[in-house]
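Reading through the structure tokens given below for one structure.
Below, all heavy atoms of this structure are taken into account, side chains as well, without hydrogens, waters or symmetry copies. Each residue takes its place number in the sequence, starting with 1.
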Amino acid sequence: MTTAQQTSDDIRFMGRAIALAKAGMGQTWPNPSVGCVIVNDGEVVSEAVTAPGGRPHAEEQAVPAAGAKARGATAYVTMEPCGARSSGRTSCSNFLMDAGVSRVVVAAVDPSPFAAGRGVERLRKAGLDVETGLLAQEAAVLYEGYLHRVETGRPMVRISEDGVGYDARFAASAKADLTTELQRLGEAGYTRVWVSPGELADALQAQGLLTA
């Protein structure tokens, strides 16, 4: 396969993984929606997205579904596979390694304590070919709320007319302590919430709590 053909295939399959993840947005909090597509000899042998509620992760669904065809395959994952699990269960990196996947293409690196580059490092140490950053800009919307919560402890808030793809609608008095209200939602696991245009949105904007 030529380099140009490989690049074209990589973009196509990562695009599919991103589409899967976008379809799951708003259903997987407190975890981000992640898409995983496993390809062997140019054929998609399995694909999965993070399940509602955040578990199982995409990789731990896609790998068993691929069966023996996972060996020697390429996995396209929209976010870095976790290098460890808070529950102590098998990490997504281990799922990929144990299945014999030979190459992993990642859109975005995960800054959370259970990844933070450790997933990529673990895969590389095991001898897998790992590439990061493919279609990172296109994948960014998948993780903006998750990353915002990691950094601030609060969900991201945006104005929306219908709330499609958001975890929940943010409902509060415009006169309330909005930072505290959002902190509570962050502690509950919300990553991305929405408000309608109006007094509450204006108050959030004035306090620097609204993302454009």
Min side-chain heavy-atom separation [X]-[Y] under 4.5 Å:
X: V101; Y: T74; value: no
X: R158; Y: L210; value: no
X: H148; Y: P155; value: no
X: K22; Y: V141; value: yes
X: L128; Y: S102; value: no
X: L204; Y: V195; value: yes
X: L96; Y: V104; value: yes
X: V77; Y: E59; value: yes

Taking side chain to side chain contact (heavy atoms under 4.5 Å, CB included) as the test, write out the residues that go with [X], two or more places apart.
X: A139; answer: I18, A107, L142, Y143
X: A136; answer: none
X: S33; answer: A21, M25, T28, V49
X: Q27; answer: P52

Interatomic spacing from [atom1] in [X] to [atom2] in [Y] - rounded to 0.5 Å:
X: M97; Y: T90; atom1: CE; atom2: OG1; value: 10.0 Å
X: E60; Y: S91; atom1: CD; atom2: OG; value: 10.0 Å
X: E131; Y: L134; atom1: CD; atom2: CG; value: 8.0 Å
X: T50; Y: M79; atom1: OG1; atom2: CE; value: 9.5 Å
X: R55; Y: Q61; atom1: CZ; atom2: CD; value: 12.5 Å

Cluster link [X] to [Y], ILVMFWY, side chain under 4.5 Å:
X: V150; Y: V106; answer: yes
X: F170; Y: Y146; answer: no
X: L178; Y: M156; answer: no
X: V34; Y: W29; answer: no

Measure across [X] and [Y] and return the closest heavy-atom pair with its distance rounded to 0.1 Å.
X: A174; Y: A203; answer: O-CB, 3.6 Å
X: G83; Y: R122; answer: O-NH1, 2.7 Å
X: C82; Y: H57; answer: SG-ND1, 4.0 Å
X: L135; Y: I11; answer: CD1-O, 3.7 Å
X: L123; Y: P81; answer: CD1-CG, 4.2 Å
X: A66; Y: V45; answer: CB-CG2, 3.9 Å

Worked check of side-chain contact (heavy atoms from CB on, under 4.5 Å) between L182 and L209: CA-CA 9 Å; L182 289 170; L209 298 171; 4.1 Å; yes

For [range], pull every pair meeting side-chain hydrogen bond (donor to acceptor under 3.5 Å, both in side chains), keeping only residues two or more places apart or in separate chains.
range: residues 40-49; result: R16-E47
range: residues 190-200; result: E144-R192, D167-T191, R169-S196
range: residues 171-185; result: D177-T180, E181-R184

Tell me, please, which residues at least two apart from [X] pass side-chain hydrogen bond (donor to acceptor under 3.5 Å, both in side chains).
X: D10; value: Q6, Y76, R103
X: Y166; value: none
X: R124; value: none

By salt bridge (charged side-chain N to carboxylate O under 4.0 Å, His left out) - contacts of R71 (at least two apart): none

Residues that D98 engages under salt bridge (charged side-chain N to carboxylate O under 4.0 Å, His left out), provided they are two or more places apart: none

side-chain contact (heavy atoms from CB on, under 4.5 Å) between T132 and V105, worked out: CA-CA 6 Å; T132 62; V105 182; over 6 Å; no

